Every structure is written in structure tokens, then in C-alpha cells.
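Note that the structure is a prediction, hence the values are computed from the model and not measured.
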Amino acid sequence: MPQTAMTPAGRAPGAADADASPEATPETAPEPGFWVFAYGSLMWNPGFQCLEHHRAWLHGYARAFALSSIRYRGTPEAPGLVLGLDWRPGAVCAGVAFRVCRSEEAAVRDYLHHREMVTRSYIELVREVTLDDGRRVPAQAYVLDRTHRQYAGALSLERQAEIIARAVGPAGPNDAYLHNTVDHLREIGIEDPELFALDAMVRARSTG
């Protein structure tokens with residue numbers, strides 16, 4: 001079974017953190033089952049059953065096109081960009097938290113591991129999230145490994161727009177992935193000004 005880990009909020013997570021043991025904070029509310037924090041397509045297409053789900057906020061991380069894609073929305077010759085959960089002090093990422101039945105934990109962890117860890121560019125961590133009913137719970141999250149060769153978190157929005165507007169991979173055009181993500185975020189009522197601005201920039205390029 002994949003291991004999960006807690007990292008101190010004041011530093012970026014690295015691959016070594018995946019070997020640490022999970023820890024709970026005094027404010028963490030104990031819950032039967034385990035929680036998963038979703039920030040991208042997992043929000044509207046989780047692929048597993050849950051006991052409950054809530055809007056949730058994760059502090060210290062941001063949803064960002066910060067991972068180079070060479071097998072999905074780009075190629076080795078012309079990489080695209082895909083979403084990741086990037087460490088960013090002071091940021092807050094709005095997403096959805098799912099509580100999974102304890103009897104399904106092993107199967108769901110295995111499913112998520114195979115879905116999210118194809119290129120080993122993410123790290124499985126447990127971070128505290130705040131639910132829309134006020135509870136604070138530990139949730140499994142997949143955050144970007146900043147030491148991975150495909151990490152691309154230093155790009156400006158302008159550079160991201162340039163890449164996304166032209167990249168195409170086996171799964172289709174990179175801009176379609178961005179537009180679909182933004183459409184889904186709006187449908188479920190999640191505001192992401194930075195991502196919405198990036199979407200507008202890419203659309204402007206396609207109509208300019």
C-alpha cells in the first residue's frame with residue numbers, strides 16, 4: 001500500500017517525505033474512513049464511491065500548470081503543461097474532499113496510486129484541509145515533486161499560455177485540457193482567478 005506523509009507547512013515537500021509517517025495535528029478531527037483532497041479532474045470524476053464529500057480548502061498550496069507533459073498533452077519534442085498542486089506559502093487551494101469508507105481504503109489508495117503516480121512526478125502526502133462545515137481533517141493529497149525533471153513551476157503566465165496554446169499530445173490539444181478544467185471549476189462554483197486569467201490568455205491567442 002502506498003505510504004503517505006505529513007510535511008511541515010514551512011517548507012516545500014520533497015521525494016524523501018514519502019517515507020515519513022503520517023502525523024495528526026491537535027486540531028484534526030478524527031473521522032472513520034479516510035479523506036482524499038481533489039483539486040483537478042478528481043473533483044468531478046473521482047472514480048470511486050465515497051461516504052460524503054465537501055468543498056474544502058488546503059492552505060500553502062496552489063492549483064497550477066506546473067508540470068511538463070510529454071505523454072498526455074504534449075510530446076518529448078514539444079511538451080505541454082498539466083495541472084499539479086504546487087507548494088506556495090500563503091496560498092489557499094479550493095477543492096473537494098471525499099471521505100472513503102475504511103473497508104474500501106486499500107482499493108481506493110491503489111486506484112489513486114495508479115491514476116496519479118504514472119510518472120512519479122507527484123508525492124503522496126497527508127495535509128490538513130478545512131471543510132465547508134468547519135471540520136478540519138487530514139486528507140491524502142498529490143502534490144508536485146519540485147525535484148522531478150518535469151517540474152515547471154517557474155514559468156510566467158505568459159509563457160504558460162504560449163505553451164498551452166500550441167502543444168498537442170496523444171490525449172489531444174493542451175488548450176482543450178485547460179478550457180475543460182476551467183469550465184468544470186465554474187460549474188461546481190470554484191473560483192480560481194489565476195487559472196481563469198490563463199484561460200483567457202490562451203483563448204485570446206487562438207482568436208487573435
Quick one: does [X]'s side chain get under 4.5 Å of [Y]'s, heavy atoms only?
X: Leu85; Y: Tyr142; value: no
X: Leu81; Y: Tyr177; value: no
X: Tyr122; Y: Leu67; value: yes
X: Leu131; Y: Trp57; value: no
X: Leu42; Y: Leu112; value: yes
X: Val126; Y: Trp35; value: no
X: His113; Y: Val108; value: no
X: Leu178; Y: Leu198; value: yes

Do [X] and [Y] belong together in a cluster built from hydrophobic side chains that touch within less than 4.5 Å?
X: Leu51; Y: Val36; result: no
X: Val100; Y: Trp44; result: yes
X: Tyr72; Y: Phe65; result: yes
X: Val92; Y: Val137; result: no
X: Ile164; Y: Phe196; result: yes

Counting only heavy atoms not in [X] (residues, nucleotides, ligands), do more than 12 fall under 6.0 Å from its [atom1]?
X: His148; atom1: NE2; answer: yes
X: Glu187; atom1: CD; answer: yes
X: Arg55; atom1: CZ; answer: yes

(request) Before giving the answer on side-chain contact (heavy atoms from CB on, under 4.5 Å), spell out for Leu157 and Glu194 the whole-Å C-alpha distance, their side-chain angles and the decisive distance to 0.1 Å. (result) CA-CA 8 Å; Leu157 277 186; Glu194 183 174 299; 4.0 Å; yes
(message) Is the distance between the ring centroids of Phe37 and Phe98 under 6.0 Å?
(response)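 They do not qualify: ring centres at least 6.0 Å apart.
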(request) Before giving the answer on side-chain contact (heavy atoms from CB on, under 4.5 Å), spell out for Met43 and Leu185 the whole-Å C-alpha distance, their side-chain angles and the decisive distance to 0.1 Å. (result) CA-CA 9 Å; Met43 290 190 290; Leu185 289 176; 3.2 Å; yes
Hey, what do you get for [atom1] ([X]) to [atom2] ([Y]), rounding to the nearest 0.5 Å?
X: Ile123; Y: Leu144; atom1: CD1; atom2: CG; value: 8.5 Å
X: Asp110; Y: Glu105; atom1: CG; atom2: CD; value: 12.0 Å
X: Tyr61; Y: Arg88; atom1: OH; atom2: CZ; value: 12.5 Å
X: Cys50; Y: Glu104; atom1: SG; atom2: CD; value: 11.5 Å
X: Thr130; Y: His54; atom1: OG1; atom2: NE2; value: 13.0 Å
X: Leu155; Y: Gln160; atom1: CG; atom2: CD; value: 6.0 Å

Quick one: closest heavy-atom pair of [X] and [Y], and the distance?
X: Ala97; Y: Val129; value: CB-CG2, 4.5 Å
X: Trp87; Y: Pro89; value: CZ2-CG, 3.5 Å
X: Gly80; Y: Ala167; value: CA-CB, 3.5 Å
X: Ala62; Y: Ala91; value: CB-CB, 4.1 Å
X: Gly47; Y: Tyr111; value: CA-OH, 3.5 Å

Donor-acceptor pair, distance only, cut-off 3.5 Å: does the side chain of [X] make one with the backbone of [Y]?
X: Gln150; Y: Ser68; answer: yes
X: Asp199; Y: Val182; answer: no
X: Thr75; Y: Pro79; answer: no

Are [X] and [Y] linked by a side-chain donor-acceptor pair shorter than 3.5 Å?
X: Arg146; Y: Tyr151; result: yes
X: His59; Y: Arg127; result: no
X: Arg115; Y: Ser41; result: yes

(request) Given side-chain contact (heavy atoms from CB on, under 4.5 Å), test Leu195 with Leu83 step by step and report yes or no. (result) CA-CA 10 Å; Leu195 212 63; Leu83 278 177; 4.0 Å; yes
(message) What I want to find out is whether Arg166 reaches Glu162 closely enough, with some N-O distance under 4.0 Å, to be called a salt bridge.
(response)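 Salt bridge: no.
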(request) Start with the C-alpha gap between Asn180 and His184, add the side-chain angles, then the distance that decides, and say whether side chain to side chain donor-acceptor pair (under 3.5 Å) holds. (result) CA-CA 6 Å; Asn180 184 57; His184 275 99; 3.3 Å; yes
(message) Assess the residue pair Asp86 and Arg63 against the criterion (side-chain contact (heavy atoms from CB on, under 4.5 Å)); give the C-alpha distance rounded to whole Å, side-chain angles, the decisive distance to 0.1 Å, and a yes or no.
(response) CA-CA 6 Å; Asp86 199 15; Arg63 183 175 23 246; over 6 Å; no
